[in-house]
Each structure stands twice: as structure tokens, then as C-alpha cells.
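Letters A, B, ... mirror the listed sequences (proteins, then strands); counts begin at 1.
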2 protein chains.
Amino acid sequence: MLFVPMSISIKSLHITMESKMSALNEQALEYVAKYFKALAEPMRLKVLNALQDGEKNVSQLTQLSGGTQANVSKHLTLLAQYNLVKRESRGTNVYYRIADPSVYELCELVCGQIGKRMNLEEDIKKLFTATSQTN
Amino acid sequence: MLFVPMSISIKSLHITMESKMSALNEQALEYVAKYFKALAEPMRLKVLNALQDGEKNVSQLTQLSGGTQANVSKHLTLLAQYNLVKRESRGTNVYYRIADPSVYELCELVCGQIGKRMNLEEDIKKLFTATSQTN
DNA sequence: GCACTATATAACCATATAGTTATATAGTCA
DNA sequence: TGACTATATAACTATATGGTTATATAGTGC
């Protein structure tokens, strides 16, 4: 048995194991980066958002997101690869659902940060100055 | 006073305001996506990681990250734009520090997710199979 | 079998960006 | 002032990827 210990020091992204650290950290960093990247796309966030109140099939997601079928399908495939959504075929439809509600924790944290630290409110006000004149 | 309410329903990324929702959601989604994108880069994660135990100047970060000065500087500029790090010139040096420890909460959540939902342990074992033979 | 529908994928284009090299900027000290 | 150091930036290349269109695949029902 070569590799037993698996305690992950989250904060530092160091992973204590009986082996070379540098290589693994490099790999771990890329792993984490890819995970963030999966979430770093408006259309994918939109799809995740649409799945918040339960599973939906590709047609529904295509409609809700306003994207094309091919594009939505591509994003769903990627999200499934990262285990952010679960895929289930039923008949000729394919239903997707959020794999884990913790995805929303993530968004919560990020949105919280944005609100607190990136002056989202200011930005929103600016955005609205441009779009809300019709009200 | 045009825009008062600012309650952000984080989970759904809906922002309740007295105005058009679709446009803003679009903007908000892009905002969140960009934030994730800032974190979706191994070198930037490495830099953030290096800053965990306190501020460092560009030379130090260049050394620690193993990148070139120009590249590290570019990433630092981007991180500063997203308020992930704070910049402070002292003499001819420029020191950077983590703007907010919540960045690590984010990593914690992501790493936790990865560990739980993406079989990081399995992957790590595989990675180590390749790199730890020299031990 | 065939027609029909739903989803996935291939091929392609356009854009964004990480990294490099070279240079500019700015602070320090003589 | 000029030499020196630290950092930022400009110009460029190469790569990755989001979106599109067209096509393939697969399930259903006749």
C-alpha cells in the first residue's frame, strides 16, 4: 500500500502525502483551476441557475437559457464531466439535475464576496442607470 | 432616488430590484463568471497560495511561483483588479497581500467539493503512482 | 423497416488569454 | 545628474474555447 494519508490542508492547497509535493501541488492547482473554470462561464451559470428548482431536460434548458441546442448540450456535457450536474436519460429525453447543492454554496460565497468586496451594488446601480429608464 | 432595494437572492442569482430583471441577471452572471475566471488559473492560485502566510513583493512571488517577472506581474495586476489582492508600494518594491481571507473559504469549499464529488483521492493516487516511485 | 423527435458531436471560425521578450516607468542612492 | 533595481506594460505568438451550422446517434411509434 503506497499512498495512505490523505489529509488535505485546504487553505494552502498543500496535500500532505508520503511523496513529492511540488508535482502534486502543481496537479492539484490545475485541478482546482479547472473546477473554477467550469463555473467561470455565464451560460453554464445560467444553466445551473435554471436547474435550481429541479431537473430539466435539454429542450427545457435550451429554452430557459436562450442558447442553441448544440451549445447548451456542449455546456451540459462539460458540467457533467465535472460532476456539477447528473445526467439521466428517460425515453428520448435526457434530464439533468444539480449533482450537489453545494454548488450553490459556492455561488453564495462568491456572490457574498462580490457584494462585499467588489462593490457590486455600485456596479449594479450603474448598470441600471442604463437599463431602467423605461420603467 | 431610483434604485433602492438591493436584496440579493444569492442562490438563484436573482437580484430583486425595481427594474428589468433579465438584463441585470445577464450582467450579474457575467460578473460572477468573471470572478470565477480570476480564480481559474493555476499560476494565480499559486500566487494566492504563496500569499497565504503574509504579504510578499513581486520578486518574492516570482521566485516562489517559478514564473517570470512579467507574467507574475500581469497576474498580480489582474488579481488586484478583482480585489483579490491588495497592492502597496514601499520604496522600489511593491507588496501584495490577500485582500480578504474569504478567498480561502472559497478554495476550501472547492477543494472540499473536489474531494467529495470529483474523486480527488482517486486522481491523486493515480498522479502519485506516476511521481512517487523515487521515494 | 420508416418517419419523427431529442440529444450529442464534428468541423469550423472568432475571440480571449497565458506566456514570452523587450522596453518603459519609477524609486533609490551615489 | 546617472547608474541601478524593481515593477509594469507593450507587442507578439500560440493555444484554448465559446458559439455556430450541419450532421450523427439513439429512442419511440407506426
Side-chain angles (χ1 to χ4, degrees), chain A residues 25-27 29-51 55-97 99, chain B residues 25-27 29-51 55-97 99:
Chain A
N25 274 340
E26 203 70 29
Q27 302 274 10
L29 285 171
E30 271 169 36
Y31 207 103
V32 173
K34 279 187 182 175
Y35 187 88
F36 275 124
K37 205 167 195 176
L39 292 166
E41 235 290 317
M43 180 61 83
R44 288 197 283 273
L45 291 176
K46 198 183 280 191
V47 167
L48 290 173
N49 190 34
L51 290 176
E55 65 170 21
K56 291 187 176 52
N57 63 34
V58 179
S59 304
Q60 292 175 307
L61 291 171
T62 298
Q63 258 205 307
L64 287 168
S65 68
T68 63
Q69 183 271 320
N71 194 27
V72 171
S73 179
K74 243 171 73 171
H75 283 303
L76 284 168
T77 299
L78 189 148
L79 287 172
Q81 279 170 354
Y82 283 89
N83 290 332
L84 289 163
V85 298
K86 291 295 178 193
R87 194 189 119 105
E88 186 186 338
S89 306
R90 289 207 297 274
T92 122
N93 295 316
V94 176
Y95 286 84
Y96 287 89
R97 59 189 156 76
Chain B
N25 274 338
E26 205 70 29
Q27 302 275 9
L29 285 172
E30 271 168 36
Y31 207 102
V32 174
K34 278 186 183 174
Y35 187 88
F36 276 124
K37 205 167 193 175
L39 293 166
E41 234 290 317
M43 180 61 83
R44 287 198 284 272
L45 290 177
K46 198 182 281 191
V47 167
L48 290 173
N49 190 34
L51 289 176
E55 65 171 19
K56 291 187 176 52
N57 63 34
V58 180
S59 304
Q60 293 174 306
L61 291 171
T62 298
Q63 258 204 307
L64 287 168
S65 68
T68 63
Q69 184 270 320
N71 194 27
V72 171
S73 179
K74 243 169 73 170
H75 284 302
L76 285 168
T77 300
L78 189 147
L79 287 172
Q81 278 169 353
Y82 284 89
N83 290 330
L84 288 163
V85 299
K86 291 295 179 195
R87 194 189 119 105
E88 187 185 338
S89 307
R90 289 208 297 275
T92 124
N93 295 316
V94 176
Y95 285 84
Y96 286 90
R97 58 189 157 77

Requested in this report: Decide if atom NZ of A:Lys34 counts as having more than 12 heavy atoms of other residues, nucleotides or ligands within a radius under 6.0 Å.
Outcome: no

Report task. Find the distance between CG (A:Leu84) and CG (A:Leu51) and round it off to the nearest 0.5 Å. Result -> 11.0 Å

Query - Spatial distance of atom CZ (A:Arg44) from atom NZ (A:Lys37) [nearest 0.5 Å] - result: 9.0 Å

Report task. Determine, for A:Arg90 against A:Glu88, whether the closest basic-nitrogen to carboxylate-oxygen distance falls under 4.0 angstrom. Result -> yes

Requested in this report: Find out whether A:Leu48 and A:Leu39 are in side-chain contact, i.e. whether some heavy atom of one side chain is under 4.5 Å from a heavy atom of the other.
Outcome: yes

Query raised in the report: Taking atom CG of B:Leu29 and atom CD of A:Glu41, what is their separation to the nearest 0.5 Å?
Result: 10.0 Å

Requested in this report: Go through the steps for A:Arg87 and A:Val94 under the test side chain to side chain contact (heavy atoms under 4.5 Å, CB included), then give the verdict.
Outcome: CA-CA 7 Å; A:Arg87 194 189 119 105; A:Val94 176; 3.5 Å; yes

Query raised in the report: For the pair made of CG in B:Asn57 and P in C:dT28, what is the distance, rounded to whole Å?
Result: 14 Å

Requested in this report: Mind listing the residues from residues 87-96 of chain A sitting with a heavy atom below 4.0 Å of DNA chain C? Number order is fine.
Outcome: A:Arg87, A:Thr92, A:Asn93, A:Val94, A:Tyr96

Query raised in the report: What does nucleotides 15-20 of chain C look like as a protein-contact string, B for base, S for sugar-phosphate only, - for none, at under 4.0 angstrom between heavy atoms?
Result: --SSBB

Requested in this report: Quick one: label B:Ser59 by what it contacts on the DNA or RNA (base, sugar-phosphate, nothing), any heavy atom closer than 4.0 Å.
Outcome: sugar-phosphate

Query raised in the report: Heavy-atom distance under 4.5 Å between the side chains of B:Lys74 and B:Thr77, does that happen here?
Result: no

Query - Donor/acceptor link under 3.5 angstrom from B:Gln69 side chain onto base of D:dA8 - result: yes

